[in-house]
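In this chain, numbering begins with 1 at the start of the sequence shown.
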Amino acid sequence: MMTNRVWLGLVFCAVTGMPAVAAHHAEHVHGPGGGLVVGLGEGGYSVELIVRGGKSLTAVLTDGEGNAVATDGGYLTLTFTESDGEKEDYKIDAGRAEGTFMKTSGHVIGHIVRDAMSVTASVGGAEYSSETFNFPHGPNGGEVVALGGSKLVVELVVDGDVVRVHVLNAKKRPKQVGAEEVTLTFTEPDGELEDYTIPVGSSEKKTGTVFEIDDDHVAMHVMRDKIAVKLVVDEKTLESETFSFSAK
């Protein structure tokens with residue numbers, strides 16, 4: 001269930017030009033919906049950006065005390081800076097819940113996960129804008145890590161007890177590969193290594209290859225332990241660096 005409360009005193013320190021695939025190494029703040037919390041200038045307002053399913057965006061606007069804020073114009077403006085330097089604005093309409101704005105668009109989600117962006121809200125007749133930042137997650141709201149020796153990245157998503165590993169290209173677009181499984185290697189608190197193999201769930205050109213397992217034990221490992229991902233494509237072994245899952 002979406003909540004309209006966020007932690008008190010959260011401040012997102014945006015870094016312009018952050019490499020998208022290395023974003024899990026940067027410090028960023030998550031809100032109660034599992035999204036990215038971004039500060040909107042000196043007014044004390046902030047917005048949590050929640051991306052799900054490759055096409056769904058929910059944004060929750062709050063004041064400095066975590067209360068939902070209704071804006072005058074009834075929308076948020078997202079300003080994207082594309083790779084060629086061109087800027088593009090998108091308006092996100094208000095949802096039913098106070099302070100909540102929603103958009104269903106794979107095109108907009110593509111901009112969010114790939115381009116530098118800023119957010120602007122109108123409150124009390126004044127506009128408040130964030131600094132320019134890079135969204136650290138993938139199109140499904142998960143942790144994005146690069147696979148060494150390739151242009152592939154994987155997005156790790158936890159949904160209850162279900163763990164999904166999405167294969168993406170370097171621009172965070174779905175990518176189809178010929179692999180039947182992916183291996184997650186966990187480093188447990190005592191230093192012991194444990195491998196889990198996740199079978200392919202689907203592999204289509206439009207959605208890319210997705211590995212999926214419904215297992216509370218694997219989900220617990222993802223949330224708790226350091227992780228490395230190994231994928232074998234065309235008899236070539238591709239591995240990520242070891243990382244901690246932060247898209248919680």
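- For K236 (side chain) and G149 (main-chain N/O), a donor-acceptor pair under 3.5 Å exists by modelled atom type.
- I213 and F186 fall within a single hydrophobic cluster, where Ile, Leu, Val, Met, Phe, Trp and Tyr side chains are chained together by heavy-atom contacts under 4.5 Å.
- Atoms CE and OG1, on M117 and T77 in that order, are 11.0 Å from each other to the nearest 0.5 Å.
- Looking at M223 and V158, their side chains come closer than 4.5 Å, going by heavy atoms from C-beta outward.
- Across L238 and G148, no two heavy atoms sit closer than the pair CD2-O, 3.7 Å.
- Shown here for A121 and L40, the closest heavy-atom pair between the two residues is CB-CD1, 4.0 Å.
- Side-chain contact between V144 and P136 is absent, with no heavy atoms from C-beta onward closer than 4.5 Å.
- Taking OG1 from T100 and CG from L76, the interatomic distance works out to 10.0 Å, rounded to the nearest 0.5 Å.
- Looking at L156 and L184, their side chains come closer than 4.5 Å, going by heavy atoms from C-beta outward.
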Practice prompt. Give the C-alpha distance, both sets of side-chain angles, the deciding distance and a yes or no for side-chain contact (heavy atoms from CB on, under 4.5 Å) between V182 and V167.
Written response: CA-CA 10 Å; V182 66; V167 180; over 6 Å; no
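- Annotation: side chain of F243 is not in contact with side chain of K226 (no heavy-atom distance under 4.5 Å).
- Between P32 and V60, the closest side-chain pair of non-hydrogen atoms is not below 4.5 Å.
- Closest of all the heavy-atom pairs between S240 and V145 is CB-CG2, 4.2 Å.
- In terms of hydrophobic clustering, with Ile, Leu, Val, Met, Phe, Trp and Tyr side chains grouped at heavy-atom distances under 4.5 Å, V200 and V157 are assigned to different clusters.
- V222 and L147 fall within the same hydrophobic cluster, defined by Ile, Leu, Val, Met, Phe, Trp and Tyr side-chain heavy atoms under 4.5 Å apart, directly or through other members.
- Enclosure of atom CD in E82 by more than 12 non-hydrogen atoms of other residues, nucleotides or ligands within 6.0 angstrom is indicated.
- Within the structure, salt bridge (Lys or Arg N to Asp or Glu O under 4.0 Å) contacts touching residues 152-171 (residues at least two apart or in different chains) are D159-R164, R164-E212.
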Worksheet item: Can S118 and S130 be said to form a side-chain hydrogen bond (donor to acceptor under 3.5 Å, both in side chains), step by step?
Response: CA-CA 5 Å; S118 62; S130 73; 4.9 Å; no
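- In this structure, K172 contributes its side chain and V113 its backbone to a donor-acceptor pair below 3.5 Å.
- Among residues two or more places apart in sequence or in another chain, the side-chain contact (heavy atoms from CB on, under 4.5 Å) test is passed with A94 by F101.
- Remark: side-chain polar atoms of E143 are paired, donor with acceptor, to backbone N or O of S246 under 3.5 angstrom.
- Separation of atoms OH (Y128) and CG (D63) is listed at 11.5 Å; rounding is to 0.5 Å.
- A heavy-atom distance below 4.5 Å is found between the side chains of F211 and T209.
- Here CG of L193 is found 8.5 Å from OG1 of T242. Values are rounded to the nearest 0.5 Å.
- Remark: E181 CD to I198 CD1 distance equals 10.0 Å, nearest 0.5 Å.
- Summarising the geometry of V153 relative to A146, their closest heavy-atom pair is CG1-CA, 3.8 Å, with the distance given to 0.1 Å.
- The backbone N or O of Q176 lies less than 3.5 Å from no partner atom in the side chain of S203, so there is not a single donor-acceptor pair.
- To the nearest 0.5 angstrom, D93 atom CG is 10.0 Å from Y75 atom OH.
- Under the 4.5 Å side-chain heavy-atom criterion for ILVMFWY residues, a single connected hydrophobic cluster contains both L78 and V69.
- T81 pairs with exactly one of H111, E88, K87, E86 by the side chain to side chain donor-acceptor pair (under 3.5 Å) rule, that one being K87.
- Nearest heavy atom pair, residue G160 against residue A219, reads O-CB, 3.9 Å.
- Considering only residues two or more places apart in sequence or on other chains, S105 meets the side-chain contact (heavy atoms from CB on, under 4.5 Å) condition with K103, H107, V108.
- For the pair R224/P189, a side-chain contact is recorded, criterion being any heavy-atom separation below 4.5 Å from C-beta on.
- Looking at heavy atoms from C-beta onward, K151 lies out of side-chain contact with N169 at the 4.5 angstrom threshold.
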Under 3.5 Å donor-acceptor pairs involving side-chain atoms of residues 49-57, not counting sequence neighbours:
residue: R52; atom: NH2; partner: G33; partner atom: O; Å: 2.9

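- For residues 186-200, every residue pair satisfying the side-chain hydrogen bond (donor to acceptor under 3.5 Å, both in side chains) rule, not counting sequence neighbours, is listed here: T185-D195, E194-Y196, Y196-H217.
- Under a 3.5 Å cut-off, the side chain of E48 and the backbone N or O of G34 do form a donor-acceptor pair.
- D89 and T79 share a donor-acceptor pair across their side chains, judged by distance under 3.5 Å alone.
- Not counting sequence neighbours, P199 has no partner by the side-chain contact (heavy atoms from CB on, under 4.5 Å) test.
- The hydrophobic cluster containing V232 does not contain L152, counting ILVMFWY residues as joined when their side-chain heavy atoms lie under 4.5 angstrom apart, directly or transitively.
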